Amino acid sequence: PYYRRCGGCAYPHMDYAEELWAKGQRVQDALTRLGGSHVQVEEILGASQPLHYRNKSQYPVSPDGKVGFYRARTHCVTDLTACFIQKPQADAAAGALRTYLAEYRVPGYDEQTGTGLVRHLYVRTNASGQSLLCVVVNGEALPYEDALVSALRRAVPDAVGVVLGVNTRRDNVILGDRYRTLWGRDTLTDTLCGHTFRLSIPSFYQVNRDQAQVLYRRAVDYAGLTGTELVLDLYCGAGAIGLIAAKNKKISRLFGVEIVPEAVENAKLNAKINGIANAEFICGDASFGAKALAKRKVRPDVVFVDPPRKGCDREVLEIAANDMNPRKIVYVSCDPATFARDAAVLCELGFRLKRAIPVDLFPRTAHVETVGLFENEK
């Protein structure tokens with residue numbers, strides 16, 4: 001009902017089959033025109049549930065107390081009571097925050113002046129319906145914190161914790177660098193591909209759990225692991241792809257690299273929880289981690305890369321391709337354009353794109369994931 005006012009979704013005007021065709025064609029066009037590739041993209045893997053799939057919701061708060069999502073190409077918040085791609089728990093938490101702001105006259109954040117207090121509401125929900133809530137503020141505390149916690153717990157009875165996130169920077173980054181637990185736990189546990197993962201607020205985790213299982217299983221399948229490989233997982237987040245590969249295929253050794261310290265700690269704990277003893281995780285950006293491992297003469301057979309939307313820095317690709325010289329690189333991308341750009345770079349470096357398949361993790365929105373398999377021809 002908010003389609004014309006909210007900028008989150010792009011495809012509610014067409015049926016889901018047509019949306020899938022459009023997304024598959026977008027990946028094909030990017031690879032052909034930007035990547036110079038002749039690979040025929042495989043048929044897109046669509047979602048069985050294209051609504052209410054998002055397990056992570058981030059609601060911006062306007063200076064006048066609106067809690068919703070930005071209108072397209074603006075930072076004007078559209079106030080809404082229900083979003084058809086969010087979990088009901090997230091919308092309930094947004095309603096509770098909206099009431100708290102009005103009742104206690106707590107100001108929302110003003111991006112223009114840097115004033116105001118409440119910036120974002122963050123909700124992460126697991127497969128069993130439990131939620132971890134975080135209120136991100138432009139300061140160190142909130143007035144009437146106990147009242148806010150009570151309101152959120154009433155709205156979301158299966159919440160496991162309420163966290164205060166501190167972000168006083170003047171930029172568009174949502175999360176801050178400090179957290180304080182107001183009630184309960186500061187992590188949420190979920191299951192993915194038969195594995196248990198513990199997640200903190202800043203840890204990366206795919207927003208569509210069901211489709212993430214499809215995505216990661218396809219990535220591991222592309223890797224063609226036999227049980228003897230040394231594997232590197234760049235941009236590893238909480239360790240999902242590498243740990244799934246390690247447990248299912250019994251690889252010889254796993255290295256993971258991730259820049260978010262909390263996510264690295266989550267990855268180490270997740271390896272322990274899932275009984276994987278042959279994993280090592282390094283905190284640093286992908287370039288730093290790849291250089292450090294190359295200096296240690298680590299030579300992976302397979303490299304997984306799952307970068308943010310901007311793709312990989314060329315330096316990362318050069319280190320992975322030249323210094324490490326793996327047999328295969330499996331690239332998981334959330335942006336067809338940067339994937340095509342990086343595909344062209346990898347081809348320059350002696351690799352060939354053998355297979356590519358789109359996976360729809362973001363139904364009704366413009367975004368689409370792609371898994372690509374690159375084989376070393378050197």
Side-chain angles (χ1 to χ4, degrees), residues 23 26-27 30-31 34-35 37 56 172-175 199 202-208 211-212 215-216 218-220 222-223 231-245 254-264 266-267 281-294 298 300 302-324 326 328-349 351 353 355-362 365-374:
K23 288 179 173 179
R26 181 181 169 206
V27 175
L31 282 173
L34 301 177
S37 172
K56 184 181 78 170
N172 292 329
V173 176
I174 293 175
L175 296 178
L199 308 163
S203 293
F204 173 77
Y205 192 66
Q206 293 286 1
V207 301
N208 186 333
Q211 282 296 91
L215 179 77
Y216 290 158
R218 187 54 59 104
V220 173
Y222 270 17
V231 171
L232 171 61
D233 187 2
L234 291 175
Y235 311 91
C236 70
I241 297 179
L243 293 177
I244 290 168
L254 169 66
F255 291 91
V257 177
E258 169 59 43
I259 194 171
V260 178
E262 295 89 345
V264 173
N266 289 161
F281 295 94
I282 296 171
C283 188
D285 65 24
S287 176
F288 168 83
K291 285 179 182 177
L293 291 170
V298 172
V302 175
V303 175
F304 290 103
V305 293
D306 186 5
R309 192 157 287 129
K310 67 178 182 179
C312 294
D313 292 337
R314 185 182 179 98
E315 182 183 26
V316 173
L317 297 176
E318 289 176 345
I319 296 169
N322 293 333
D323 297 350
M324 293 180 166
K328 298 177 182 178
I329 295 176
V330 179
Y331 193 129
V332 179
S333 167
C334 59
D335 184 85
T338 56
F339 173 62
R341 178 202 68 199
D342 291 350
V345 172
L346 285 171
C347 290
E348 287 178 29
L349 298 172
F351 283 75
L353 179 60
R355 300 178 68 183
I357 186 168
V359 184
D360 189 23
L361 269 76
F362 317 101
T365 79
H367 305 296
V368 61
E369 295 268 339
T370 307
V371 183
L373 169 63
F374 296 85

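All heavy atoms count here, side chains included; hydrogens, waters and symmetry mates do not. All of these numbers come straight from a predicted model, not from anything done at the bench. One-based numbering along the sequence shown.
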Task: Ser203: side chain to side chain donor-acceptor pair (under 3.5 Å) partners, not counting sequence neighbours - done: Ser200, Asn266
- [ ] State which residues pass side chain to side chain donor-acceptor pair (under 3.5 Å) with Asp306; sequence neighbours excluded, sorted by chain then number.
- [x] none
- [ ] With sequence neighbours excluded, tell me which residues meet side chain to side chain donor-acceptor pair (under 3.5 Å) with Tyr235.
- [x] none
Task: Partners meeting salt bridge (Lys or Arg N to Asp or Glu O under 4.0 Å) with Asp342 (sequence neighbours left out) - done: none
TODO: Any chance you could measure Ile357, atom CD1, to Leu373, atom CG, to the nearest 0.5 Å?
DONE: 12.0 Å
- [ ] Please tell me if the side chains of Val298 and Leu232 come closer than 4.5 Å, counting only heavy atoms from C-beta onward.
- [x] no
Task: Residues which pass salt bridge (Lys or Arg N to Asp or Glu O under 4.0 Å) with Arg218, listed by chain and number, not counting sequence neighbours - done: Glu42
Open item on the list: For Tyr216, give me all partners under ring pair (Phe, Tyr, Trp, His ring centres under 6.0 Å), at least two apart in sequence or on another chain.
Closed with: none
- [ ] Taking side-chain contact (heavy atoms from CB on, under 4.5 Å) as the test, write out the residues that go with Lys56, two or more places apart.
- [x] Gln58, Tyr122, Arg124, Val207
Enumerate, atom names and distances included, each donor-acceptor pair closer than 3.5 Å involving a side-chain atom of residues 281-292, sequence neighbours excluded.
from	atom 1	to	atom 2	distance (Å)
Asp285	OD1	Ser287	N	3.3
Asp285	OD1	Phe288	N	2.7
Ser287	OG	Glu315	OE1	2.9
Lys291	NZ	Glu315	OE2	2.7

Task: With sequence neighbours excluded, residues passing side chain to side chain donor-acceptor pair (under 3.5 Å) with Asn322 - done: Lys378
Open item on the list: Nearest 0.5 angstrom please: Cys236 SG to Leu254 CG, how far?
Closed with: 8.0 Å
Open item on the list: Between Pro358 and Lys23, is there a side-chain heavy-atom distance shorter than 4.5 Å?
Closed with: no
Open item on the list: Is the ring pair Phe339/Phe374 parallel, tilted or perpendicular, if the boundaries are 30 and 60 degrees?
Closed with: perpendicular
Task: Arg314: salt bridge (Lys or Arg N to Asp or Glu O under 4.0 Å) partners, not counting sequence neighbours - done: Glu318, Glu348
Side-chain donor-acceptor pairs of residues 365-372 under 3.5 Å, sequence neighbours excluded:
from	atom 1	to	atom 2	distance (Å)
Thr365	OG1	Phe362	O	2.8
Thr365	OG1	His367	N	3.3

TODO: Using the test side-chain contact (heavy atoms from CB on, under 4.5 Å), find all partners of Ala223 that sit at least two apart in sequence or belong to another chain.
DONE: Leu225, Val302, Phe304, Val330
